[in-house]
There are 2 protein chains.
Amino acid sequence: MLAIAAPLAFAEDGYDLWLRYRPVQGEWLEAYRSAASEIVPPRAASPTLEIALSELSRGLGGMLGAAPPIASEPTKDGSLIFGTPQSSPLIARLHLDLDRISPEGYVILSQAYEGHRVTVIAASRDVGVLYGTFQFLRLLQTRQSLQHLALRSAPRVSHRILDHWDNLDRTVERGYAGESIWDWQKLPEYLDPRYTDYARACASVGINGTVLTNVNASAVSLTALYLRKLAALAKVFRPYGLRVYLSARFSAPLEIGGLKTADPLDPAVRAWWRAKADEIYALIPDFGGFLVKANSEGQPGPQDYSRSHADGANMLADAVAPHGGIVMWRAFVYSQDEPDDRAKQAYNEFVPLDGKFRDNVLLQVKNGAIDFQPREPFHPLFGAMPHTPLMLEVQITKEYLGFATHLVYLGPLYEETLRADTYAHGKGSPVAKQIAGMAGVANIGADRDWSGSHFNQANWYVFGRLAWDPALSTRDIAEEWVRMTFSNDPAFVAPVVAMMMSSREAAVDYMTPLGLHHQMARNSHYGPGPWVSGGPRADWTSVYYNRADAQGIGFDRTATGSNAVAQYAPPSPRALPTSSAYLTPCCCGSITCRGTTGCDRDVRYGMSW
Amino acid sequence: MLAIAAPLAFAEDGYDLWLRYRPVQGEWLEAYRSAASEIVPPRAASPTLEIALSELSRGLGGMLGAAPPIASEPTKDGSLIFGTPQSSPLIARLHLDLDRISPEGYVILSQAYEGHRVTVIAASRDVGVLYGTFQFLRLLQTRQSLQHLALRSAPRVSHRILDHWDNLDRTVERGYAGESIWDWQKLPEYLDPRYTDYARACASVGINGTVLTNVNASAVSLTALYLRKLAALAKVFRPYGLRVYLSARFSAPLEIGGLKTADPLDPAVRAWWRAKADEIYALIPDFGGFLVKANSEGQPGPQDYSRSHADGANMLADAVAPHGGIVMWRAFVYSQDEPDDRAKQAYNEFVPLDGKFRDNVLLQVKNGAIDFQPREPFHPLFGAMPHTPLMLEVQITKEYLGFATHLVYLGPLYEETLRADTYAHGKGSPVAKQIAGMAGVANIGADRDWSGSHFNQANWYVFGRLAWDPALSTRDIAEEWVRMTFSNDPAFVAPVVAMMMSSREAAVDYMTPLGLHHQMARNSHYGPGPWVSGGPRADWTSVYYNRADAQGIGFDRTATGSNAVAQYAPPSPRALPTSSAYLTPCCCGSITCRGTTGCDRDVRYGMSW
């Protein structure tokens with residue numbers, strides 16, 4: 001007989017990301033209940049502070065079985081006080097010296113207050129309170145003590161931005177998690193609850209900006225119709241401290257402006273962009289600014305008019321400067337006419353322009369000089385433009401980084417880049433100190449789990465956490481994420497973290513075997529395709545990078561070859577001896593060749609080429 | 001003070017479709033509890049019967065607060081017995097004469113059984129039991145009495161099929177609800193729970209087939225790699241009575257078979273398709289068959305080799321016939337060289353072939369001769385091919401039918417077509433009697449709510465219900481759906497059903513004003529675009545169909561014009577007097593012109609052209 005009804009399986013669908021707030025069990029439960037016995041919100045309300053309160057109630061309610069009661073004053077031990085000095089007289093009275101931390105920072109302190117042991121989450125601005133709230137909840141999520149807290153935290157990187165390569169038709173370039181979450185057709189009238197959940201997730205890891213549109217941009221996003229849609233999203237995001245940015249198509253003045261040119265020195269063009277910026281800021285006073293891919297892979301740009309990248313960037317910078325906006329100008333450029341290959345062109349192009357950009361221009365530089373390979377040496381522009389603020393751009397979406405379906409935790413890749421020493425100002429000049437911002441190409445789509453798999457969510461998470469503080473250990477972040485997402489059971493945490501930590505090296509090994517990179521198939525970029533040749537550019541092919549023939553395999557970037565290594569600060573490997581233009585397979589792609597039985601890797605240059 | 005935590009809003013996200021099983025309140029609760037006091041499952045298990053039990057437990061558990069206990073024999077009034085005579089000795093003992101209803105049918109009967117009042121859900125096959133289970137639950141969902149039940153129901157249409165226009169890269173042609181739900185890359189290893197939920201939803205409305213791939217087909221879906229993926233889906237769908245079909249690209253023998261021709265009379269080509277069919281059926285014994293769009297809009301087909309549609313269809317039919325498969329051959333064809341426009345070509349092409357198709361070929365005919373306009377006269381092929389089984393193809397996705405965002409309930413469109421009298425065998429020969437199958441172009445995607453909005457779900461629902469029984473009232477179906485999806489509150493049901501029932505006419509009025517159809521913009525097909533002209537085919541333009549000029553507007557399809565009306569059975573309007581080639585705006589598009597103050601509509605021809 002069919003005697004047992006099939007159990008109703010409701011699979012964990014991943015929608016809640018790392019903010020699951022599952023019930024706490026065992027000894028921790030009582031400890032946390034007594035350490036979070038009531039909530040004392042600020043007296044003055046704001047949308048951001050309301051979100052902080054809502055998050056505390058939701059998080060503590062989920063983890064502790066019930067949200068603590070709200071109180072107007074601390075009435076017992078375990079009282080939880082949060083706010084800014086402006087919004088909370090209680091916090092003002094504590095004289096926490098909040099001005100010493102940067103505006104987005106926060107403190108979480110265990111304090112005595114009128115005979116009670118209380119916990120204070122405080123910041124000088126509302127958004128800092130929100131960041132502190134997520135950090136406080138993270139302490140519980142990862143089973144840390146709430147006693148004797150004395151945390152002070154502030155972001156070390158100002159611009160912590162997701163770049164969505166989302167097209168207006170909801171396709172996503174290099175997206176593997178469903179359609180774009182931006183449903184432009186239904187905006188501005190219909191606000192998908194997902195927009196709020198997205199902003200919340202970003203705030204929980206400190207991300208403070210989002211470029212909503214593809215760097216291969218459509219001018220349509222700058223039309224009045226779309227700006228109204230953008231304003232609706234900006235309104236949802238604002239209380240979460242998340243500013244919106246747009247990619248700007250350089251030829252927009254022709255395409256939607258009715259002008260005959262997009263020359264950045266043409267007065268009509270400059271006036272058009274100023275008016276466009278004014279139009280945007282009238283709708284979105286905290287609009288972040290523009291991201292531009294110009295004169296790269298067929299995109300229009302200032303060089304179409306024999307102007308420099310500085311001319312183009314400065315024109316846009318002048319348009320947004322009165323409103324406090326910035327321009328992120330991508331350094332990922334290369335020209336068909338240039339004899340050097342892609343590894344060298346960006347440096348050649350931009351170093352001479354150092355000092356020629358407006359203050360509100362940031363040059364956005366990929367982690368490596370080629371294109372988001374699983375391992376590349378850091379980009380030679382880091383440290384080479386002392387008068388230009390740089391953004392580090394990394395890929396969170398896995399274009400080359402392990403298909404969409406593989407577990408590849410990208411924290412070690414980001415960490416390797418951030419910690420690579422540029423020697424720009426002598427030893428001890430890591431990439432992390434050369435940057436004013438971090439941009440991550442998002443892996444987010446309309447899939448229920450946002451990122452195509454649970455493990456892909458970890459890459460969104462680690463990007464945000466590292467952008468907040470590049471000094472964090474990506475192993476610690478992995479553990480944090482595992483605990484928040486899955487379980488605090490040590491028997492689970494340890495092996496899963498170990499899998500994550502070894503996963504990027506596995507992807508390196510199968511995507512760039514022997515250090516040979518750019519060996520992927522065309523189109524999908526999955527591969528393998530070491531035989532790929534032909535097409536418009538030699539340096540878009542695999543054979544260009546492997547140089548495999550009857551005599552050997554490998555690409556010589558030293559002085560006897562392309563001499564790309566000369567773009568790095570000394571001590572440089574440019575004088576390293578190589579016996580031929582072809583290196584032996586054992587160390588085919590690496591700069592240093594020390595043996596024939598294995599690939600010695602040069603940590604200084606972030607390993608193989 | 002921020003005193004109140006924001007309520008935790010968990011919006012109804014639509015994932016559960018019409019199967020929500022919300023708690024029953026008030027007087028109905030006790031009535032239903034006593035009428036469903038225990039469940040007596042069959043003794044012999046099968047996957048389908050397990051699903052029926054699971055669904056009963058889930059549905060009754062949700063609606064009544066707890067699932068009724070399972071019993072091996074009826075022990076009290078309200079016992080619910082389900083199964084087939086083969087699986088349940090209890091049901092066998094009742095001698096229900098189940099052979100009189102078709103294999104997919106079921107009975108739901110109130111009975112006395114050994115002194116107890118019981119309810120019996122029985123069928124001759126397991127899938128009938130499942131259909132009956134959903135119908136039984138529907139009775140509760142729509143607040144109908146469970147007393148004195150004597151329901152017998154069986155589908156009037158054999159093939160009730162969803163056509164997914166889904167590409168292998170997860171884009172969906174004319175899809176407005178996210179990416180394709182078929183994640184080919186992750187198949188066959190990863191079985192998204194959504195596949196099960198899809199099959200369950202289909203079974204709940206009696207849909208028994210699904211064509212997984214776009215009619216604009218890729219031969220890749222026929223490769224061994226993809227057939228394994230297909231087999232994994234088929235295994236999920238099988239216990240739900242849902243068979244899988246594929247679109248077949250006619251040129252596949254060239255593209256993946258290594259042949260030099262796809263000529264349907266070539267022995268090597270015929271052998272290739274036979275071997276391919278054998279390969280498919282070895283993996284999927286209940287594979288449904290092929291859907292083919294050939295020699296239409298640039299697709300390859302038998303005419304490329306000077307063969308007829310019958311030659312092409314019969315070749316495929318011969319390949320699948322040994323396994324019980326069918327071929328659905330689309331009649332949506334037109335040729336650039338043909339002088340007649342699209343309204344006439346399919347009839348001209350196919351009527352001469354009547355009687356020349358194999359028994360297992362169904363000709364799949366759109367509801368109207370043009371292309372899924374909000375209103376068209378029924379297709380002249382209905383009733384014109386007495387020796388060929390026909391499928392009626394309708395669009396569920398809203399390519400032309402009210403954007404994706406508008407409430408347009410398509411039941412009235414389907415009903416209008418099904419009930420239109422073809423006069424093929426004299427008065428009383430409606431389309432519904434001329435068809436052996438119904439195909440609906442799906443509106444399903446990976447959006448959380450499956451269809452882009454709650455109301456779009458109603459079109460999936462009504463398609464299935466009407467395919468089961470074309471005699472059902474679409475108003476009744478709308479009410480049923482509203483009650484199951486939203487609420488049984490009469491103050492809610494009445495106005496919402498009224499909105500739904502008037503919505504299609506509203507779409508007709510704004511998409512085909514004054515009866516002028518095909519006035520949409522290019523590409524998106526939203527519009528309006530009455531000025532659209534140019535391009536490769538005159539009858540792909542708006543101006544072709546409106547013929548607007550200084551003298552008038554409208555298209556004359558009578559004997560003085562294109563004489564398309566001659567393709568309909570008498571009594572025909574072909575002899576109707578018209579004063580000029582242009583009709584006056586008042587009745588521009590309609591066949592009959594009776595006045596100048598309004599468009600008299602001719603119900604016989606499904607209204608305007």
Side-chain angles (χ1 to χ4, degrees), chain A residues 1-11 13 15 39-46 49-58 61-62 67 70-72 82-83 87-88 169-172 175-179 183 185-186 189-190 192-194 196 403-405 445-448 452-453 524 526, chain B residues 1-11 13 15 39-46 49-58 61-62 67 70-72 82-83 87-88 169-172 175-179 183 185-186 189-190 192-194 196 403-405 445-448 452-453 524 526:
Chain A
M1 186 181 85
L2 271 179
I4 307 295
L8 305 181
F10 293 103
D13 64 14
Y15 187 81
I39 301 176
V40 183
R43 281 192 187 278
S46 80
L49 294 173
E50 280 169 21
I51 289 165
L53 175 57
S54 166
E55 197 69 33
L56 277 175
S57 297
R58 180 172 174 171
I70 308 291
S72 58
F82 73 96
S87 63
S88 167
D169 66 359
R170 298 194 70 180
T171 56
V172 181
Y176 312 103
E179 285 193 316
D183 191 345
Q185 197 207 346
K186 293 182 185 168
E189 289 84 4
Y190 177 67
D192 192 324
R194 190 157 201 154
T196 306
F403 300 59
T405 47
D447 274 3
R448 183 65 182 167
S453 79
S524 84
Y526 286 169
Chain B
M1 187 183 84
L2 271 180
I4 308 297
L8 305 180
F10 293 104
D13 63 15
Y15 187 82
I39 301 177
V40 182
R43 282 192 185 276
S46 80
L49 294 173
E50 279 169 22
I51 289 165
L53 175 57
S54 167
E55 195 69 33
L56 277 176
S57 296
R58 179 172 176 172
I70 307 290
S72 59
F82 73 94
S87 62
S88 167
D169 66 0
R170 298 193 71 181
T171 56
V172 181
Y176 313 102
E179 285 192 317
D183 191 344
Q185 196 206 346
K186 293 183 185 167
E189 289 84 4
Y190 178 67
D192 192 323
R194 191 158 201 152
T196 307
F403 299 60
T405 47
D447 274 3
R448 185 64 182 168
S453 78
S524 83
Y526 285 169

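No hydrogens, no waters, no symmetry mates; every other heavy atom, side chains included, goes into these values.
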Interface residue of largest heavy-atom contact number with chain B, from A:Gly178, A:Gly83, A:Ala446, under 4.5 Å: A:Gly178
Interatomic distance, A:Asp169 atom CG to B:Thr171 atom OG1 [nearest 0.5 angstrom]: 10.5 Å
Most chain B-contacting option - heavy-atom pairs closer than 4.5 Å, from A:Ile39, A:Asp183, A:Leu56, A:Thr405: A:Thr405
Trace of the side chain to side chain contact (heavy atoms under 4.5 Å, CB included) decision for B:Val172 with A:Glu179: CA-CA 11 Å; B:Val172 181; A:Glu179 285 193 316; over 6 Å; no
B:Gln185/A:Tyr526 under side chain to side chain contact (heavy atoms under 4.5 Å, CB included): CA gap, chis, key distance, verdict: CA-CA 12 Å; B:Gln185 196 206 346; A:Tyr526 286 169; 3.7 Å; yes
Worked verdict on B:Arg448 versus A:Asp13 for salt bridge (charged side-chain N to carboxylate O under 4.0 Å, His left out): CA-CA 11 Å; B:Arg448 185 64 182 168; A:Asp13 64 14; 3.8 Å; yes
Part of A:Tyr15 within contact of chain B (heavy atom distance under 4.5 Å): neither
